[in-house]
Structures are given as structure tokens and as C-alpha cells.
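Predicted model, so just to flag it, every value in this text is computed and none were measured.
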Amino acid sequence: MIDRIINEENIEFENEILNSNNVRYIFLYAYFHKIKNVDAFIEKVINSNDKKYIHYFFRSVKNIDRSLLLDKILSYDDSKYIYYCLYDTKDLEDIYYVKAINFVINSSDHRYLGLILYYYFVVMKLYNQDIIERLSSIYSGINKDNYLEMFIKERTEAKEEISEHPKYGFHKYEDRNGYVPDMIVCHISPDYGRIVNTVYNPESRVTTHYVVSRNGEVTHSLDLKDGAWTNGTIDDEERDTYYKFSSNPLVSSRSYNANFYTFTIEHESFDGSLTEEQYQASLKVMCEIIDYVKEKYNKDFIIDRNHIVGHRDVDPIVKPSCPGDKFPFDRFINDLKNIYNN
């Protein structure tokens with residue numbers, strides 16, 4: 001069925017998908033095709049009460065009115081869920097942010113309010129005076145002149161301190177199950193300390209080869225000979241990490257786990273923008289990887305956008321926003337080609 005959903009588009013099949021009442025199929029069809037009966041699709045997704053696929057539909061299906069979907073998202077009164085729905089939806093109009101922020105201000109769940117505000121005001125560089133005025137009961141003395149300073153200070157103070165850890169993380173695919181790596185996958189996450197602590201936490205089931213902070217600090221958290229647990233794809237069409245969903249031709253043609261043939265670099269960032277110190281540190285890391293491939297496997301690493309990619313290129317269904325629209329892929333590729341005279 002999934003291969004049909006990816007490749008087949010006609011009104012009869014669209015109606016068949018709707019009548020299936022399978023919310024995953026409904027989302028996937030809308031993701032891969034321009035749907036005709038938009039209202040019916042939205043109604044089916046909302047009525048499913050499936051938080052995951054409501055989130056996916058809201059963030060990934062283009063050219064739809066998201067108003068009813070946002071109302072459903074807000075009805076869960078879960079600030080973490082609301083934050084990720086907003087963060088993952090890159091073409092969202094300002095009216096949706098304002099409505100969601102006002103809802104969270106009024107709710108009893110303020111866990112992610114600071115992160116939502118930081119993303120809206122600092123990262124997105126948007127502004128709403130009404131929101132600033134309504135925040136006066138939460139942020140004493142906040143006004144149009146000091147709001148950025150207050151949100152940045154709060155975010156800085158919320159960052160995690162790095163705990164003691166071993167040389168490498170716990171989870172890995174030993175010797176990559178015999179596969180030869182040929183791709184670098186770039187990721188983002190907003191807190192360097194939290195990334196490092198997570199990849200060294202034996203219960204997190206996540207690892208990466210490198211983590212690069214905003215100030216250019218690097219943690220080498222997994223031996224390059226081993227595969228990390230972070231870029232996984234699978235030969236199972238009932239999983240959202242199904243390899244044929246990948247937008248990268250190398251990944252979509254390989255039915256085995258992408259962790260076997262990829263290196264992973266995590267960057268501390270909200271939107272993919274890197275500081276100059278961070279960029280130079282990451283460039284050095286990429287050179288280490290390219291040199292390692294040559295030394296260990298006697299192969300030249302191919303420097304292009306099929307081999308240096310983002311997580312969303314590997315796994316667009318689950319991770320559509322990683323590593324962000326501002327990630328400097330072209331600059332990395334140009335600089336690496338100059339370094340290796342490619």
C-alpha cells in the first residue's frame with residue numbers, strides 16, 4: 001500500500017485512502033500529493049485524535065488552512081507538543097504563532113513557554129506588542145526595550161551543564177555491520193550541554209559522532225568506525241522511517257539501515273545558522289571524516305549534496321526541520337572542494 005501511496009495519484013485512489021480511515025495513510029497521501037478534497041482530509045485527521053499524525057499533517061502538508069488543526073493542537077493543552085508543532089512548521093503565518101502563544105500564556109502548562117517565546121521573538125525575529133504586554137504578569141518589568149535581553153538571559157540560564165562521561169557513547173553499530181560509510185548527516189539541536197548529556201546517557205538510545213557548540217567546542221562522542229544511533233532507516237513500510245520516504249537518492253535506493261553508512265554531526269542551533277567559530281570547527285570535523293574514509297577504506301569521499309546532507313534528507317517524514325533552512329551546505333561543499341582540490 002505504501003508504494004502505491006508514494007507513486008499513485010488520482011481521485012479514485014484519494015477517495016480510497018479517505019475511506020480507509022487509516023490516519024497514517026491519509027497523512028502520507030497528503031504529504032506526497034496535492035490533495036483535491038482538502039477539507040475531508042483535515043476532518044479525518046482531526047477526528048482521528050492521533051497526536052502524532054495531527055502534528056505531522058499540520059507541519060508537513062502544504063497549501064492548507066491550518067486553523068482547525070491548530071485548534072485541535074491547542075485542545076491538548078500540552079506546551080511541549082505545541083512548541084514542536086510550531087517549531088517544525090516553517091511556513092507558518094504569524095497569526096498562528098500569536099494564537100498559540102496567547103493560549104499557552106493562559107494555560108496552566110508553562111513548561112515550554114520560555115522556549116516558545118525565545119523561538120518567536122529571538123530566532124524568528126517576530127514581534128507582537130500585545131504579547132509583550134500580556135507577559136507582564138510572568139516577566140516582571142518586561143517591555144519593548146528589554147524583552148530580547150530577558151528571553152536570551154532566560155534561555156542561557158536554562159542550558160544544561162555537561163555531566164562527566166566516558167570517551168564514547170554507549171549505543172553503536174559495531175564496525176557498521178560491515179558497510180563502508182560514504183555520507184555525512186548534519187543535525188541541529190538548541191542546547192549543546194543537553195545534546196552531549198543525551199548521547200552519553202545509556203537510556204537515551206541516541207548517539208552521534210560529533211557535537212559542535214556555538215562557540216566552536218567539539219565533543220567527539222563516538223568512534224568513527226562504528227555507526228551511530230540517529231539516522232536510522234528501515235525496510236518496513238509500516239514505519240515512518242521507511243527508506244523509500246527519503247528524498248536522497250542514495251538512501252532511498254538502500255534498504256538497509258542508514259546508520260551503517262553515515263557519519264553524524266550535531267550542531268547547537270535553532271534554525272541551522274552557525275557562528276563562524278562553529279562553522280570552522282564543523283569544517284575541521286568534516287575534514288577528519290573525509291581523511292578517515294581515505295585512510296581506512298582507501299576511498300575518496302564524494303563531496304556533494306548527495307553525500308553531505310541533513311537529517312531531513314534521510315528522514316523527511318519524522319525530521320522535516322533538521323538541520324534548518326539556514327544550514328550552510330553550499331559553503332561547506334565549496335570549502336571542502338577547495339581543500340581537497342575536488
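A perpendicular orientation is assigned to the rings of Y29 and F13, their planes being inclined by more than 60° (bins at 30° and 60°). Ring pair Y119/Y97 is tilted by interplanar angle, where 30° to 60° counts as tilted. The aromatic rings of H55 and Y81 lie perpendicular to each other, with more than 60° between the two planes, well past the 30° mark.
For the residue pair S246/N248, the side-chain donor-acceptor check at 3.5 Å is not satisfied. Side chains of D304 and N306: a donor-acceptor N/O pair is absent below 3.5 angstrom, by distance only. No donor-acceptor contact under 3.5 angstrom links the side chains of T207 and Y168, judged on distance only. Side-chain atoms of D109 and S107 form no donor-acceptor pair, as typed in the model, at a separation below 3.5 Å. Using modelled atom types, one finds no donor on one side chain facing an acceptor on the other under 3.5 Å when comparing K172 with N259. Residues Y120 and D94 bring a donor and an acceptor atom of their side chains to less than 3.5 Å of each other. Side-chain atoms of N177 and Y256 include no donor-acceptor pair closer than 3.5 Å.
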Go through Y127 and Y147 one step at a time and tell me if the ring-ring contact (aromatic ring centres under 6.0 Å, His included) criterion holds. CA-CA 10 Å; Y127 184 79; Y147 70 96; 5.1 Å; yes
Criterion side chain to side chain contact (heavy atoms under 4.5 Å, CB included) on N257 and I234, from CA distance to verdict: CA-CA 6 Å; N257 191 335; I234 192 168; over 6 Å; no
Trace of the side-chain hydrogen bond (donor to acceptor under 3.5 Å, both in side chains) decision for N231 with Y261: CA-CA 10 Å; N231 303 316; Y261 56 84; over 6 Å; no
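In the hydrophobic cluster analysis, where Ile, Leu, Val, Met, Phe, Trp and Tyr join through side-chain heavy atoms closer than 4.5 angstrom, V285 is grouped together with L283. Put simply, L115 and V104 are part of the same group of oily side chains (I, L, V, M, F, W, Y) that touch within less than 4.5 Å, one to the next.
Between V45 and V61, the closest side-chain pair of non-hydrogen atoms is not below 4.5 Å. With a 4.5 Å cut-off on side-chain heavy atoms, Y84 and I73 do not count as touching. In this structure, the side chains of R24 and E238 come closer than 4.5 Å at one or more pairs of heavy atoms. Within the 4.5 Å cutoff, the side chain of I162 has heavy atoms near those of the N197 side chain. Residues S282 and H267 have side chains in contact (heavy-atom distance under 4.5 Å, counting atoms from C-beta outward). Between I317 and F27 there is a side-chain heavy-atom pair separated by less than 4.5 Å. You'll find the side chain of Y53 stays beyond 4.5 Å of the side chain of I26, heavy atoms only. Residues R205 and W229 meet the side-chain proximity criterion, which asks for heavy atoms closer than 4.5 Å.
Between F329 and F332, the gap from one ring centroid to the other reaches at least 6.0 Å.
For K90 and Y87, the positive end sits near the middle of the six-membered ring, less than 6.0 Å away and at most 45° from its axis. Judged by the 6.0 Å distance and 45° axis criteria, R176 is positioned over the aromatic ring of F263.
Taking OH of Y25 as the start and CZ of R4 as the end, the distance is 10.5 Å to the nearest 0.5 Å. Rounding to the nearest 0.5 Å places CZ of R194 at 12.5 Å from CD of E268. Atom CZ of R239 sits about 10.5 Å away from atom OG1 of T233, to the nearest 0.5 Å. For the atom pair CG of D313 and SG of C322, the computed distance is 10.0 Å after rounding to the nearest 0.5 Å. The OH atom of Y292 sits 4.5 Å away from atom OH of Y297, with the distance rounded to the nearest 0.5 Å. Taken from CD1 in I6 to CD1 in I2, the straight-line distance is 7.0 Å, to the nearest 0.5 Å.
Of all heavy-atom pairs between C287 and L336, the closest is SG-CD2, 3.8 Å. Annotation for Y279 and D335: closest pair OH-OD2, 2.7 Å, computed over non-hydrogen atoms. For the residue pair I82 and I116, the shortest heavy atom distance occurs at CG2-CD1, 4.4 Å. For the pair R59 and K62, the tightest heavy-atom approach, listed with the atom from each and the gap, is O-NZ, 4.3 Å. Of all non-hydrogen atoms in D191 and A158, the two that sit nearest each other are OD2-O, 4.1 Å. Here the shortest heavy-atom pairing between T264 and H209 reads N-ND1, 3.0 Å.
Enclosure of atom NZ in K51 by more than 12 non-hydrogen atoms of other residues, nucleotides or ligands within 6.0 angstrom is indicated.
With H311 as the fixed residue, the side chain to side chain donor-acceptor pair (under 3.5 Å) test singles out one of H187, E266, K319: H187. Among F32, Y31, Y56, the single residue meeting the ring pair (Phe, Tyr, Trp, His ring centres under 6.0 Å) criterion with F245 is F32.
The existence of a salt bridge linking D182 and R254 is confirmed by a sub-4.0 Å separation between a basic side-chain nitrogen and an acidic carboxylate oxygen. Ion pairing of R214 with E277 is absent here, as no side-chain N (NZ or NE/NH1/NH2) approaches a carboxylate O to less than 4.0 Å.
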